[in-house]
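Counting starts at 1 for both ligands and their atoms, following the listed order.
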Amino acid sequence: MPSLSVGEYSLVFNMLSLAVAAMFGSFAFFVMSQKIIGAKYRVSMIVSSLVVLIAGYHYYRIMGSWESAFSLVNGSYEPSGKPFNDAYRYVDWLLTVPLLLVELVLVLNLSKGSTGPMLRNLVIAAVLMIGLGYPGEISSDLGTRNLWGVLSTIPFIYILVVLWGQLGAQLSSASESVRTLFINTRYLLIATWGFYPIAYAIGTWGGLQSAGAIVSVQVGYTIADITAKCLYGVMIFAIAYQKSKEDGSLPSQIEEKQLAR
Ligand code: RET
């Protein structure tokens with residue numbers, strides 16, 4: 001670990017703290033939101049809640065690890081000798097990426113036969129993507145980082161192609177408002193998931209183990225995680241709400257029907 005200026009150290013610390021707040025805040029919202037959508041879509045929101053709860057815990061631990069990896073000496077943050085634990089992030093992705101895939105595929109509400117095999121392939125690809133990325137992440141050798149980075153990109157592209165196609169296939173049958181939501185989800189998916197390899201590449205090309213590279217990678221992954229988990233969950237909620245409204249399964253609509261009887 002290099003030594004960091006107070007500004008560099010604090011930028012990462014404050015971003016991690018923001019992530020903890022965003023994850024736990026989203027957890028509360030996703031739990032409560034289940035009451036106002038149709039029963040069919042609730043599993044999606046339960047999965048969203050799980051994702052942000054797991055991530056909130058991991059961010060809390062990452063923050064602790066960041067704090068103990070440095071100590072303030074004469075106005076700058078020097079490495080304390082305790083390693084900064086990058087494994088929290090990867091273990092977090094290992095758990096949350098498959099859950100995010102489940103969440104998205106469920107809200108698509110595909111036919112029973114096609115959901116299972118598609119999810120299985122996506123989850124295998126996600127595990128490969130993360131498992132292959134980790135040896136590169138913890139290496140400070142340029143060649144090793146590039147090799148594992150490229151290998152990890154293969155399953156990454158597979159996931160994006162499948163999801164992009166599946167979301168696209170829904171467009172023709174969806175109503176105008178659900179279609180807009182799907183189109184936005186597609187862009188959100190590319191923009192947020194695409195951010196991870198970019199942050200990784202900055203870590204590789206921005207001067208291995210330099211202060212700038214380490215700070216950029218941490219800030220980059222944190223912004224990507226807040227978007228991919230919290231904002232994404234809100235998009236899934238919006239789709240679930242709109243679809244429930246259209247098929248008349250909103251709890252408020254059911255209540256009205258019962259009153260009218
Ligand atoms: C790595 C290594 C370099 C190559 C690629 C990567 C992709 C990581 C991704 C992570 C997504 C995480 C999400 C978490 C949300 O909970 C591993 C950085 C392609 C896409 C969506």
Q | R89 charged N/C atom sitting above Y134 aromatic ring, 6.0 Å / 45° | A | no

Q) Got a salt bridge between R61 and D92, using NZ or NE/NH1/NH2 to carboxylate O under 4.0 Å? A) no

Q | E246 bridged to K243 by N-O distance under 4.0 Å | A | no

Q: Decide yes or no for K229 and S26: does some side-chain heavy atom of the first lie under 4.5 Å from some side-chain heavy atom of the second?
A: no

(Q) With a 4.5 Å cut-off on side-chain heavy atoms, are M129 and T153 touching? (A) no

Q) What about Y196: any of its N or O atoms under 3.5 Å from an N or O on ligand 1? A) no

Q | Heteroatom distance test (T96, ligand 1): nitrogen or oxygen, under 3.5 angstrom | A | yes

Those atoms of ligand 1 less than 4.0 Å from some heavy atom in [X]:
| X | answer |
| --- | --- |
| K229 | 14 (C), 15 (C), 16 (O) |
| Y90 | 17 (C), 18 (C) |
| G149 | 4 (C) |
| W93 | 14 (C) |
| D225 | 14 (C), 15 (C) |

Q) Are M32 and Y232 co-members of a hydrophobic cluster defined by side-chain heavy atoms under 4.5 Å apart? A) no

(Q) Using the rule that Ile, Leu, Val, Met, Phe, Trp and Tyr join whenever any side-chain heavy atoms are under 4.5 Å apart, tell me whether L18 and Y88 fall into a single cluster. (A) yes

Q: Heavy-atom distances under 4.0 Å are what count here, so tell me which part of Y232 touches ligand 1: side chain, backbone, both or neither.
A: neither

(Q) Taking 4.0 Å as the limit for heavy-atom contacts, which would you say applies to T192 with ligand 1: side chain only, backbone only, both, or neither? (A) neither

Are [X] and ligand 1 in contact, using a heavy-atom cut-off of under 4.0 Å?
| X | answer |
| --- | --- |
| Y134 | no |
| I130 | no |
| W148 | no |

So which heavy atom in the protein is nearest [atom], and how far is it from that ligand atom?
| atom | answer |
| --- | --- |
| atom 21 (C) of ligand 1 | W193 CE2, 3.4 Å |
| atom 1 (C) of ligand 1 | S152 OG, 3.9 Å |
| atom 18 (C) of ligand 1 | Y221 OH, 3.6 Å |

Q. Regarding S139 and R145, is there a side-chain donor-to-acceptor distance under 3.5 Å anywhere?
A. no

Q) Between E137 and Y90, is any side-chain donor less than 3.5 angstrom from a side-chain acceptor? A) yes

Q. With under 30° as parallel and over 60° as perpendicular, where do the rings of F70 and Y77 fit, or are they tilted in between?
A. perpendicular

